[in-house]
Amino acid sequence: MNMFGVIITGRLVQTDFIQIGETNFVCNIPDADNVNHVVVFMTGQLPFPEGMGGAVYFSWPCEQGPAWHLLGYLSNAKPSTIFKVGNLKQGENPFTTSHPFGQIENHQSHMMQIGISVESLESLSQQTPALNTAVTAVGSYQEFCSKMLDNCFNFVASFAVTQGQMTLNPTETFVPLSALQQWFINFQRRLSQNPYFWKS
């Protein structure tokens with residue numbers, strides 16, 4: 001029974017995890033040179049035992065042997081997640097993460113592995129994943145906000161006139177373009193410091 005699955009963009013779902021120990025499972029992903037993100041999920045066929053979850057590890061071959069990195073975890077309450085793995089293939093010390101997988105034989109070049117170790121949720125909550133493996137929407141959100149600000153500023157600036165060109169109209173309210181420009185600069189600065197500043 002397949003408890004776990006992996007999705008790589010542009011490929012079929014893989015559920016061929018091999019059990020290599022009482023609580024350890026590994027899936028081989030061939031031709032992984034261009035893989036940057038991995039979705040790991042529970043298939044729903046079998047839940048974790050009460051109080052247990054699965055630590056998710058990533059391995060990429062290197063000269064010293066397979067380099068294993070903790071990505072995060074799965075649990076019955078969090079049955080799927082997406083990880084960014086492209087940066088882990090480019091260097092970090094391969095032995096920075098202790099792992100339960102030992103030296104697995106036949107780890108070919110161009111093939112990555114996803115390992116899952118079933119552990120207590122208490123143990124999982126105390127582990128620290130490798131840096132920059134969580135995927136967030138902050139980058140695309142910031143980009144959208146910046147483009148929106150640029151568009152708004154350019155639109156309003158296209159109506160700018162000098163004081164000499166103004167015609168008095170008692171129904172119109174005028175705002176100096178410098179006030180909009182100052183708001184624009186302040187908003188961009190705050191957005192770069194904290195993309196969610198507007199929520200508070």
Side-chain angles (χ1 to χ4, degrees), residues 1-49 51-121 123-141 143:
M1 186 174 297
N2 298 325
M3 186 173 176
F4 307 110
V6 174
I7 297 175
I8 306 293
T9 303
R11 301 187 188 187
L12 294 173
V13 172
Q14 278 188 247
T15 58
D16 55 343
F17 276 82
I18 301 164
Q19 188 166 359
I20 61 166
E22 191 174 328
T23 59
N24 302 325
F25 303 84
V26 171
C27 179
N28 296 319
I29 300 170
D31 302 319
D33 291 316
N34 296 320
V35 174
N36 291 314
H37 295 84
V38 176
V39 176
V40 183
F41 64 95
M42 296 173 63
T43 61
Q45 294 182 11
L46 188 66
F48 284 110
M52 302 296 280
V56 179
Y57 291 85
F58 163 81
S59 175
W60 183 251
C62 66
E63 291 177 12
Q64 301 91 339
W68 288 95
H69 303 277
L70 177 66
L71 298 177
Y73 71 94
L74 298 175
S75 68
N76 293 334
K78 181 184 162 189
S80 65
T81 190
I82 182 169
F83 299 108
K84 183 176 169 184
V85 297
N87 57 324
L88 296 178
K89 295 188 290 187
Q90 299 167 6
E92 271 184 35
N93 181 346
F95 300 107
T96 55
T97 302
S98 62
H99 59 85
F101 302 104
Q103 292 294 327
I104 299 175
E105 297 298 321
N106 299 327
H107 195 139
Q108 306 162 9
S109 64
H110 311 290
M111 181 177 71
M112 69 181 200
Q113 294 178 303
I114 298 295
I116 297 179
S117 173
V118 178
E119 302 173 20
S120 72
L121 291 175
S123 170
L124 293 173
S125 68
Q126 297 171 12
Q127 297 177 20
T128 305
L131 293 176
N132 302 317
T133 57
V135 175
T136 65
V138 170
S140 59
Y141 176 75
E143 183 179 0

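One-based numbering along the sequence shown.
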Can you list the steps and then say if Phe48 with Met42 is a side-chain contact (heavy atoms from CB on, under 4.5 Å)? CA-CA 9 Å; Phe48 284 110; Met42 296 173 63; 3.4 Å; yes

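- Residues Gln14 and Cys27 approach most closely at NE2-SG, 3.4 Å, considering heavy atoms.
- Side-chain rings of Phe25 and Phe4 approach one another, their centers coming within less than 6.0 Å.
- Here Ile116 contributes atom CD1 and Ile20 contributes atom CD1; the two are 11.0 Å apart, rounded to the nearest 0.5 Å.
- Note that CE of Met3 and CG of Leu46 are 5.0 Å apart. Values are rounded to the nearest 0.5 Å.
- Checked by atom type and distance alone, the side chain of Thr15 never pairs as donor or acceptor with a backbone atom of Asn2 at under 3.5 Å.
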Run Thr23 and Met52 through side-chain contact (heavy atoms from CB on, under 4.5 Å) and show every step you take. CA-CA 11 Å; Thr23 59; Met52 302 296 280; 6.0 Å; no

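- For Tyr57 against Ser117, the heavy-atom pair with the smallest separation is CE1-CB, 4.2 Å.
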Take Val6 and Phe17 through the side-chain contact (heavy atoms from CB on, under 4.5 Å) test and state the conclusion after the steps. CA-CA 9 Å; Val6 174; Phe17 276 82; 3.5 Å; yes

Set out, in order, the CA-CA distance, both residues' side-chain angles and the distance that settles side-chain contact (heavy atoms from CB on, under 4.5 Å) for Met112 and Phe58, then state yes or no. CA-CA 7 Å; Met112 69 181 200; Phe58 163 81; 3.2 Å; yes

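- Looking at every heavy atom in both residues, Phe83 comes nearest to Leu71 through CE2-O, 3.3 Å.
- Rounding to the nearest 0.5 angstrom, the gap separating the CG atom in Asp16 from the CG atom in Asn28 is 7.5 Å.
- Summarising the geometry of Gly54 relative to Leu124, their closest heavy-atom pair is N-CD1, 3.7 Å, with the distance given to 0.1 Å.
- Residues Ser80 and Phe41 share a closest heavy-atom pair of CB-CB, 3.6 Å.
- Put simply, CG on Asn36 and OG1 on Thr9 are 9.0 Å apart, with the number rounded to the nearest 0.5 Å.
- The minimum heavy-atom distance linking Val40 with Leu74 is given by the pair O-CD2, 3.6 Å.
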